[in-house]
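Some notes on the structure that comes next.
Protein chains get the first letters and strands the later ones, always in sequence-line order, with residue 1 at the start of each.
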Number of protein chains: 2
Amino acid sequence: MQTMTDLIHAPTPAEDPGIQATDRLARAGLRPTRQRVALAKLLFDGRDRHVTAEQLHGQASTADMRVSLATVYNTLHQFTEAGLLREVVVEAGRSYFDTNVSDHHHFFVEGSGHLLDIPGHALEVSGLPEAPAGTRVARVDVIIRLSAGG
Amino acid sequence: MQTMTDLIHAPTPAEDPGIQATDRLARAGLRPTRQRVALAKLLFDGRDRHVTAEQLHGQASTADMRVSLATVYNTLHQFTEAGLLREVVVEAGRSYFDTNVSDHHHFFVEGSGHLLDIPGHALEVSGLPEAPAGTRVARVDVIIRLSAGG
DNA sequence: TTTAAATCTGGATTCATTCCAAATTTCATG
DNA sequence: CATGAAATTTGGAATGAATCCAGATTTAAA
């Protein structure tokens with residue numbers, strides 16, 4: 001149970017974003033290693049993010065967090081398995097990881113390679129066919145491909 | 001001009017499916033080279049096919065058609081640009097090419113890597129959001145991801 | 001502490017795809 | 001049917017994302 005003392009002394013996210021990250025890992029059953037905490041802090045900053053492994057590795061380097069590329073890959077996959085991230089495939093040869101794991105779809109800007117969440121729940125798919133025998137629907141992805149030029 | 005003699009001697013599609021293939025290439029403005037005709041015959045056999053470059057190259061080899069892998073890649077891209085094929089991306093690191101270029105969507109069986117056209121036009125997407133400023137919708141892809149197990 | 005298990009790491013490796021420059025083929029023209 | 005310029009094909013090298021690996025380090029339970 002949460003006590004008044006907890007409320008007073010518990011650092012707020014603004015004071016120590018590491019708390020959120022560590023907590024998130026704990027709930028997902030992942031050991032809070034230095035690398036995982038660092039990457040979680042970068043990823044779960046409140047915004048909805050869509051990153052590739054290379055991009056995240058670059059951001060970590062810039063922020064002076066020493067993490068190998070192999071670990072970035074491992075971590076992204078572990079986070080995905082734990083339900084903390086969602087993998088989005090829109091381009092051959094490149095995987096994006098989305099910090100928004102709620103039910104939603106995407107815009108993909110061809111050329112720039114930008115991926116955007118489609119806001120709201122207006123978009124709906126109707127008339128879904130039955131899954132072929134021996135299979136079940138794991139997920140329905142809608143990708144609206146955009147090209148430059150109004 | 002076509003003469004009676006031509007008509008008598010011209011092989012029908014059943015006799016020589018190369019005719020269809022050559023014709024298709026001509027309409028797309030592509031020179032009917034030996035390799036392109038061979039690949040077109042394999043691809044446009046009446047069925048809806050979903051092939052990777054490696055698969056098509058393998059099929060060509062089996063059929064004793066000598067075509068390099070580089071040419072298979074070139075050809076698949078040229079056919080796609082010409083509107084004869086449609087590229088479908090569902091897995092990072094692998095591109096499928098679909099001989100069905102009409103407006104339709106896909107089932108993707110994770111694990112087996114099988115891609116299936118969704119039959120009919122029952123499936124519809126409603127509530128499409130506006131394209132962000134400076135962009136236009138190039139295509140809307142719906143992918144129903146399936147996993148084994150009813 | 002101690003220690004087994006989990007994790008991290010650099011570097012090698014894999015795999016799909018693209019690039020390249022030389023060789024071949026196509027096809028319009030003579 | 002010859003000729004030549006342009007298009008195409010090709011094997012092999014190069015690229016780039018992602019994975020694998022075995023040794024070094026870190027974690028956390030006892």
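A/H77 comes within 4.0 angstrom of sugar-phosphate atoms only, judged by non-hydrogen atoms across all strands, and of no base. As judged by a 4.0 angstrom heavy-atom cut-off over every strand, B/S95 is placed among residues touching the sugar-phosphate backbone only. Note on A/T33: only backbone sugar-phosphate atoms sit closer than 4.0 angstrom, heavy atoms only; bases stay farther off.
The listed nucleotides are C/dC8, C/dG10, C/dT26; the one nearest the side chain of A/A70 is C/dG10. Checking D/dA6, D/dT10, C/dG10 against every side-chain atom of A/S68, the shortest atom distance belongs to C/dG10.
Atom CD of A/E124 has 12 or fewer neighbouring heavy atoms from other residues, nucleotides or ligands inside a 6.0 Å radius. Under a cut-off of 6.0 angstrom, the local environment of CD in A/Q55 is crowded, with over 12 non-hydrogen atoms contributed by other residues, nucleotides or ligands.
Remark: P of C/dT18 and CD of B/E54 are 12 Å apart, rounded to the nearest angstrom. Regarding B/F79, its CZ atom lies at a distance of 11 Å from the P atom of D/dT8, rounded to whole Å. If you measure from atom CD of B/Q35 to atom P of D/dA7, you get 17 Å, rounded to the nearest angstrom. Here C/dA16 presents its P atom at 7 Å from OH of B/Y73, a figure rounded to the nearest Å. Spacing between atom CD of B/Q78 and atom P of D/dA7 amounts to 12 Å, rounded to whole angstrom units. Atoms CD (A/E87) and P (D/dA17) sit 15 Å apart, rounded to a whole Å. Atom-to-atom, CZ of B/R94 to P of C/dT14 comes out at 17 Å; the value is rounded to the nearest Å. Atom P of nucleotide D/dT26 and atom CZ of A/R66 are separated by 10 Å, given to the nearest angstrom.
In this structure, B/Y96 and B/R31 both approach DNA chain C, and ranking their closest nucleotides by distance from the 5' end singles out B/Y96. Nearest-nucleotide positions on DNA chain D place B/L30 closer to the 5' end than the other of B/L30 and B/L69. Positionally, the nearest nucleotide of DNA chain C for A/V72 lies more toward the 5' end than for the other of A/V72 and B/F97.
A cation-pi contact links B/R24 to B/F44, judged by a cut-off of 6.0 Å to the six-membered ring centre and 45° from its axis.
Just one of A/R86, A/H106, A/R49 meets the side-chain hydrogen bond (donor to acceptor under 3.5 Å, both in side chains) condition when paired with A/D98; it is A/H106.
OP1 or OP2 of C/dT7 sits under 4.0 Å from a side-chain N or O of A/R36.
Minimum interatomic distance between A/A21 and A/K41 (heavy atoms only, all atoms of both residues): CB-CG, 4.0 Å.
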